[in-house]
Amino acid sequence: MKLSMNPYQDILNKQRAFFKTGVTREKKFRRRALDLLLKAIVKYEKEIEAALWQDLRKSPFEVLATEVGFSKKEIKELAKNLNRWTAPEYVGVPLLISGPGSGKIVTEPLGTSLIIGPWNYPFQLVIAPLAGAIAAGNTVVLKPSEVSSATEQVINKMISEYFEEEYIAVVVGGVQVSQDLLALPWDHIFFTGSTAVGKVVMKAAAEHLSAVTLELGGKSPTVVDASANIKLAAKRIAWGKFLNAGQTCIAPDYILVEKKVKSELISELNHWIGVFFGNDAALSADYGRIVSDRHFDRLSRMLSDKERSAINPEDKFIPPTLLELETPEHPSMEEEIFGPILPILTVDNVDEALAFIQERPKPLALYVFTSKNRKRFERETTSGGLFINDVILHVGNPELPFGGVGPSGFGSYHGKYSVDCFSHKKAVQAGVTWLDVPFRYPPYKNWVYKLLQRIF
Ligand code: NAD
């Protein structure tokens with residue numbers, strides 16, 4: 001497609017022109033925009049809650065904790081620390097090489113940013129990166145997921161009420177819209193979604209050498225060894241897995257449990273599922289639904305006839321389901337589950353668990369319940385994040401970068417890392433004019449050459 005035919009070229013042109021004015025770089029402007037975003041969320045809180053109920057049957061508690069509250073906290077952190085996180089960092093200048101002079105690293109906005117979001121935390125996963133882009137001084141086009149359409153509509157209404165299109169715009173629609181947007185020469189593309197679409201995004205970005213951040217998914221393993229507090233492990237895993245009906249990028253995807261503690265773990269998991277959602281999770285106000293028929297069908301194919309008898313396609317309901325597997329040769333182990341199905345595999349020891357993880361793609365999150373083997377997992381595995389004796393909540397720590405590695409993505413954000421994510425670190429050095437050391441200039445002197453040999 002020719003750029004001139006692109007339906008979104010006009011928005012990009014407007015945002016480019018606005019960015020060029022330099023207004024978005026002003027700290028006062030950024031702070032005001034963060035403040036405005038906060039006000040907008042407060043005003044729309046009830047509509048956001050209703051939309052998330054409609055899209056995912058998300059409970060008001062989960063909306064507050066994982067969507068609205070999370071986003072508000074991120075905005076407040078960014079506003080509070082804006083000066084500190086964007087301040088220039090002064091560095092030394094090596095006297096013999098390029099000094100005397102002064103050096104610093106300047107954090108400057110990348111420019112026009114495109115943020116594409118998924119449907120599982122459809123509010124937080126566009127608003128939190130938006131806050132980072134604002135704090136860093138960028139203009140932004142948001143493309144929320146079309147799958148969570150009620151939330152998509154509220155985001156569109158909210159942002160267009162509070163912001164001018166030349167600064168922050170929302171574009172609604174599906175794959176074609178996303179691809180049209182991706183065809184444009186953005187300064188930065190921030191994508192959250194599947195690994196498969198991440199590849200599409202990266203190819204499109206390569207065309208213009210746009211900077212990219214890929215927040216992708218994959219299977220996040222959970223290890224429970226024999227030294228773990230089994231009761232607490234089961235309680236925390238059951239909470240993290242069935243939050244949002246398992247549709248969380250960092251949900252425990254499957255469990256590797258040491259043989260000796262397997263039956264205790266399973267009985268504790270069943271116990272906590274009952275405590276959290278009652279005998280029939282379909283009646284629980286705190287249990288979500290699968291987002292679409294396509295995902296419902298995808299998940300139901302992972303189940304046997306017996307397990308399938310408990311699901312309800314009309315309501316897109318799948319109960320919390322534990323699968324005790326003899327081997328990893330099972331449909332649930334072929335792809336990221338992204339639903340309330342939890343395979344449990346047995347390992348003889350920690351070595352076997354480590355080998356299992358090492359031979360698979362690097363995950364977004366790795367959870368290990370242990371009182372003895374923490375150091376081994378730290379040293380011998382790679383993942384976006386490693387959380388010992390708990391799940392999910394590391395995402396809420398603004399001091400930690402959140403992102404994947406390899407197939408689970410690259411780049412990271414949250415707190416200071418969000419500012420860095422949407423910024424360029426510019427190297428600035430100033431020389432002096434009162435001194436001009438002659439040694440670098442031809443004709444080169446032999447004694448200088450010998451001196452350099454010593455230095456290098
Ligand atoms: P998805 O990749 O299908 O869609 C994400 C976005 O990309 C949507 O806005 C969609 O419109 C767009 N899109 C879809 N197909 C496209 C194509 N062919 N070309 C261009 N754009 C396209 O992902 P999803 O189903 O919305 O979300 C689920 C995935 O996201 C899971 O893999 C999950 O692990 C991952 N995820 C990751 C994080 C994270 O923070 N790392 C968070 C949430 C979800």
Side-chain angles (χ1 to χ4, degrees), residues 1 8 55-56 66-67 70-71 74 114-129 132 141-149 151-152 155-156 170-184 186 189-205 207 212-220 241 243-253 290-296 298-299 334-339 361-366 383-385 392 394-396 400-414 417-418 421:
M1 171 183 289
Y8 306 108
D55 287 332
L56 288 146
T66 66
E67 302 263 15
F70 188 101
S71 307
E74 181 76 6
L114 170 66
I115 295 174
I116 300 178
W119 52 261
N120 61 334
Y121 290 85
F123 187 79
Q124 186 230 119
L125 291 173
V126 293
I127 299 299
V141 169
L142 294 180
K143 210 299 278 172
S145 173
E146 74 286 9
V147 178
S148 40
S149 56
T151 312
E152 179 196 35
I155 292 171
N156 191 14
V170 178
V171 171
V172 295
V175 175
Q176 188 54 54
V177 168
S178 186
Q179 289 183 347
D180 287 346
L181 284 166
L182 285 167
L184 293 171
W186 303 95
I189 301 171
F190 184 102
F191 172 78
T192 306
S194 59
T195 302
V197 180
K199 291 179 189 174
V200 175
V201 171
M202 196 142 165
K203 272 194 194 135
E207 191 60 36
V212 239
T213 305
L214 298 179
E215 294 282 338
L216 309 178
K219 293 178 90 62
S220 293
K241 176 70 189 187
L243 181 80
N244 199 25
Q247 300 163 111
T248 303
C249 56
I250 45 168
D253 188 273
I290 305 308
V291 71
S292 66
D293 292 330
R294 183 170 80 79
H295 284 281
F296 184 87
R298 180 182 64 79
L299 288 162
E334 281 164 14
E335 56 175 274
E336 177 183 9
I337 295 172
F338 223 53
K362 294 169 186 169
L364 183 58
L366 170 60
S383 53
I392 309 274
H394 64 302
V395 73
L400 289 176
F402 179 70
V405 54
S408 55
F410 60 79
S412 59
Y413 72 126
H414 288 175
Y417 301 96
S418 284
C421 174

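One-based numbering, in listed order, for ligands and for the atoms of each. Computed over heavy atoms, backbone and side chain alike; hydrogens, waters and symmetry mates excluded.
Among all heavy-atom pairs drawn from I290 and Q247, the shortest one is CA-OE1, 3.5 Å. Contact detail for G411 and E215: the closest heavy-atom pair is O-OE2, 3.7 Å. When all heavy atoms of E146 and V175 are compared, the closest pair comes out as OE2-N, 4.2 Å.
In summary, the atoms of ligand 1 found under 4.0 Å from a heavy atom of F402, numbered by their order in the structure, are 40 (O). Within ligand 1, the atoms closer than 4.0 Å to a non-hydrogen atom of S145 are 9 (O), numbered from 1 in the order shown. Using a 4.0 Å cut-off to heavy atoms of I116, the atoms of ligand 1 that qualify are 6 (C), 7 (O), 9 (O). Set against the non-hydrogen atoms of L125, the atoms of ligand 1 under 4.0 Å away are 42 (C), 43 (C). Of all the atoms in ligand 1, the ones that sit under 4.0 Å from a non-hydrogen atom of N120 are 43 (C), 44 (C). Near E146, meaning under 4.0 Å from one of its heavy atoms, ligand 1 places the atoms 10 (C), 11 (O). Which parts of ligand 1 touch L364 is read off a 4.0 Å heavy-atom cut-off, strictly below it: atoms 41 (N). Per-residue contacts place K143 under 4.0 angstrom from the following atoms of ligand 1 (heavy atoms of the residue considered): 8 (C), 9 (O), 10 (C), 11 (O).
The backbone N or O of L400 lies less than 3.5 Å from no partner atom in the side chain of H414, so there is not a single donor-acceptor pair. A donor-acceptor pair is defined here as one N or O able to donate and one able to accept, closer than 3.5 Å; no such pair exists between the side chain of K143 and the backbone of G117. The main-chain N or O of G218 is found under 3.5 Å from a side-chain atom of E336 such that the two form a donor-acceptor pair. Remark: side-chain polar atoms of Q124 are not paired, donor with acceptor, to backbone N or O of F70 under 3.5 angstrom. In this structure a side-chain-to-backbone donor-acceptor pair under 3.5 Å is missing from N244 to Y121. Side chain of W186 to main chain of L181: a donor-acceptor pair is present (N/O by atom type, distance under 3.5 Å, no hydrogens or angles).
What sits closest to atom 35 (C) of ligand 1 on the protein, heavy atoms only, is G193 O, 3.2 Å. At the shortest separation from atom 6 (C) of ligand 1 among protein heavy atoms lies G117 O, 3.4 Å. Closest to atom 34 (O) of ligand 1, if we only count protein heavy atoms, is E336 OE2, 2.5 Å. Here the heavy atom of the protein found nearest to atom 27 (O) of ligand 1 is P118 CB, 3.4 Å. Scanning the protein for heavy atoms near atom 2 (O) of ligand 1, the closest one is S194 OG, 2.7 Å. Protein heavy atom at the shortest distance from atom 22 (C) of ligand 1 is V197 CG1, 3.4 Å. Closest to atom 28 (C) of ligand 1, if we only count protein heavy atoms, is F338 CE2, 3.5 Å. The nearest heavy-atom contact from the protein to atom 19 (N) of ligand 1 is Q179 NE2, 3.1 Å.
No side-chain donor from either of N156 and E152 sits under 3.5 Å from a side-chain acceptor of the other.
With distances taken over non-hydrogen atoms, the option nearest atom 39 (C) of ligand 1 out of S148, G174, C249 is C249.
Where the criterion is an N or O separation shorter than 3.5 Å, residue side chain and backbone included, T192 fails it with respect to ligand 1. For S178, a nitrogen or oxygen atom sits less than 3.5 Å from a nitrogen or oxygen atom of ligand 1, counting backbone and side chain alike.
Relative orientation of the F190 and Y413 rings is perpendicular, given thresholds of 30° and 60° on the angle between their planes.
Contact analysis leaves G404 out of contact with ligand 1, as no non-hydrogen atom separation drops below 4.0 angstrom. Residue contacts with ligand 1 do not include V147, since none of its heavy atoms lies under 4.0 Å from the ligand. Look at Y121 and you'll find every heavy atom at least 4.0 Å from all atoms of ligand 1. In this structure, G409 does not count as a contact residue of ligand 1, since none of its heavy atoms falls inside 4.0 Å of the ligand.
Residue V177 does not touch ligand 1, judged by heavy-atom distances below 4.0 Å.
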Before giving the answer on side chain to side chain contact (heavy atoms under 4.5 Å, CB included), spell out for F191 and L216 the whole-Å C-alpha distance, their side-chain angles and the decisive distance to 0.1 Å. CA-CA 8 Å; F191 172 78; L216 309 178; 3.7 Å; yes
Side chain to side chain contact (heavy atoms under 4.5 Å, CB included) between I189 and V201, worked out: CA-CA 8 Å; I189 301 171; V201 171; 3.8 Å; yes
Apply side chain to side chain contact (heavy atoms under 4.5 Å, CB included) to residues V141 and Y8 and explain how you reach the verdict. CA-CA 10 Å; V141 169; Y8 306 108; over 6 Å; no
Would T195 and S408 satisfy side chain to side chain contact (heavy atoms under 4.5 Å, CB included), going step by step from the backbone distance to the final call? CA-CA 7 Å; T195 302; S408 55; over 6 Å; no
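Protein non-hydrogen atoms do not reach within 4.0 Å of atom 4 (O) of ligand 1.
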